[in-house]
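Heads up, the thing below is written out as structure tokens.
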Protein chains: 2
Amino acid sequence: MEQTAPQKGTVTQRAIEQIKAMIGEGLLEPGQRLPTERDLATQLGISRSSMREAIRALTVLGVLEARHGSGIYVTQLNAGDLLETFGVVADLSRGARLVELMEVRRVLESTATALAAARITPEQLAEVELHLAAMAATDDPEEILSHDLAFHRVIATAAGNDTMAAILEGLSSRTFRARVWRGYQEEGAFERTGREHARIHRALVARDPEAARAAAAAHVGEVEAWMRSQLDAEPA
Amino acid sequence: MEQTAPQKGTVTQRAIEQIKAMIGEGLLEPGQRLPTERDLATQLGISRSSMREAIRALTVLGVLEARHGSGIYVTQLNAGDLLETFGVVADLSRGARLVELMEVRRVLESTATALAAARITPEQLAEVELHLAAMAATDDPEEILSHDLAFHRVIATAAGNDTMAAILEGLSSRTFRARVWRGYQEEGAFERTGREHARIHRALVARDPEAARAAAAAHVGEVEAWMRSQLDAEPA
DNA sequence: AAGCCGTAGTGGTCGGACCACATCTCTGGC
DNA sequence: GCCAGAGATGTGGTCCGACCACTACGGCTT
């Protein structure tokens, strides 16, 4: 009697764990192509349907990538691939957790900005200035939001920690930011964010990590404080 | 001609987005029971197989929960539920990204410990001391690891930011920590971590946030530095 | 030699059948 | 009358087989 699978959980869950384990043990390298769904199902002794569910699960986690007509591949397992799901959290959060997320962002963003102050390259600094100018040149909220995101993305990248940058990216996902901004910008917070961005930029130019940390913390803290007030106003 | 679905992406992906949107718009409350798989499939005009893949995807993301024989439910959407996937990232990361993750953990853990110093309750402090004593009382690595995790978990909880605590939890997932410790503890780092824990505890007792921040940063920083050296030693 | 086109192979979708489990209902005995 | 047990019902879990949509490759045509 061969009892290779000790019957724990659903077969799909088992398949997920097994594939994860294969990757963890290095049996499957990033970018590598997996056997076909049909073969995988046979190998693990389950039906193709169940195997497909397992693959779909690992796909949304950013571990696998399915290309129609071609095959299933292991992703590069970059921080960005794996942390994409972080955006889901931000999009589904409301009320108190939004504030908590902003607190996390404040901590990480200020650290990232401080690191960037020490490490940013002239090219990256030029890019920062480009987005800064673009924000000042228009009053289209959509465009401003777009450059705002890019502004912080460049800085996060310049910090040199891809993982941290990926997390911050998730905490700034488009729908998330759009939701916050909707009410925020209507209170004349436009020019203030402009000043704050300028202050961050000055700190980067001066290569002053502490000033950069303070400026970034204040910048995110402003939004955080506003959200806190909103939360108190209508605790629904 | 009704073209409700403008044909973008796979039907499964569309189903995932639609359910996510329903939750985002508040049509589905946390804890609420969804229609049956069969009904949902009919409503969205897709097959049950595809719907099941969508449900499975949202299940691994911690958004939905399927109970065999009972139904499908929206989770409480707690930070813990949604950020459980964060552990996957930690488990699948190697080499440089491990160091990056530790850097993120250092930043968040030091902040959380600082917050805890200001907010921790006597009960929580007693729990901290309990794990501290337990770690000193045994030399079984498994048990020490267990209490080490609990030690930091209590502190993270005491910080009052569930989201931050959930992220730190993911960054300390059992398999992740076990992998790091395997080589780490063999270098006489046992007593050092003991001293570091004691230092964190003293800062908490003294309700000194800055001392707590420094102690936590040093604690995580030690491991981080060790990992960096390992990375340089064998850049494979 | 270059481009076209057919074909085999792959993931994507579908429908149906059956199983395992949870829950409620109805029955029977106490 | 009440409670425990057996049954019926409905649910998610698994499997199968078929077909569609797309990609990639190779041979064919020009």
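First the proteins, then the strands, lettered A, B, ... as listed; each starts at 1. What you see below is based on every heavy atom in this structure, not just the backbone, and it leaves out hydrogens, waters and symmetry mates.
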Check: Sequence neighbours excluded, which residues qualify as salt bridge (charged side-chain N to carboxylate O under 4.0 Å, His left out) partners of Arg179(A)?
Finding: none
Item checked: Minimal non-hydrogen separation, Thr163(A) against Ala79(A), with atom names -> CA-CB, 3.8 Å
Note to self: With a 4.0 Å cut-off on N to O distance, would you call Glu17(B) and Lys20(B) a salt bridge?
What the structure shows: yes
Notebook entry, point to check: Does Gly45(A) or Arg33(B) map to a spot on DNA chain D nearer the 5' end, using the closest nucleotide for each?
Noted result: Arg33(B)
Note to self: Looking only at the side chains, is there a donor atom on one of Thr121(B) and Gln124(B) sitting less than 3.5 Å from an acceptor on the other?
What the structure shows: yes
Next item on the list: State whether Arg67(B) and Glu65(B) are salt-bridged, where the test is any N-O pair (Lys NZ or Arg NE/NH1/NH2 against Asp/Glu carboxylate O) under 4.0 Å.
Entry: yes
Checklist line | Boundaries of the DNA chain C segment in contact with chain A, non-hydrogen, under 4.0 Å | finding: dG9(C) to dT13(C)
Notebook entry, point to check: Which of these passes side chain to side chain contact (heavy atoms under 4.5 Å, CB included) with Asp148(A): Arg153(A), Glu143(A), Met135(A)?
Noted result: Met135(A)
Notebook entry, point to check: Asn78(B) side chain to Asp81(B) main-chain N or O, any donor-acceptor pair under 3.5 Å?
Noted result: no
Item checked: Gap between atoms CZ and C1', on Arg38(B) and dG12(D) respectively (whole Å) -> 7 Å
Margin query: With ring-ring contact (aromatic ring centres under 6.0 Å, His included) as the criterion, how do His152(B) and His131(B) come out once you've worked through the C-alpha distance, each side chain's angles and the decisive distance to 0.1 Å?
Written below: CA-CA 10 Å; His152(B) 290 289; His131(B) 294 298; over 10 Å; no
Notebook entry, point to check: Considering only heavy atoms, which members of residues 46-63 of chain B lie under 4.0 Å from some atom of DNA chain C?
Noted result: Ile46(B), Ser47(B), Arg48(B), Ser49(B), Ser50(B)
Margin query: Suppose the criterion is side chain to side chain donor-acceptor pair (under 3.5 Å): which pairs have a residue in residues 22-33 of chain B, not counting sequence neighbours?
Written below: none
Check: Does Glu142(B) have any salt bridge (charged side-chain N to carboxylate O under 4.0 Å, His left out) partners at least two apart in sequence or in another chain, and if so, which?
Finding: Arg174(B)
Check: In residues 66-74 of chain B, which residues come under 4.0 Å of DNA chain C by heavy atom?
Finding: His68(B), Gly69(B)
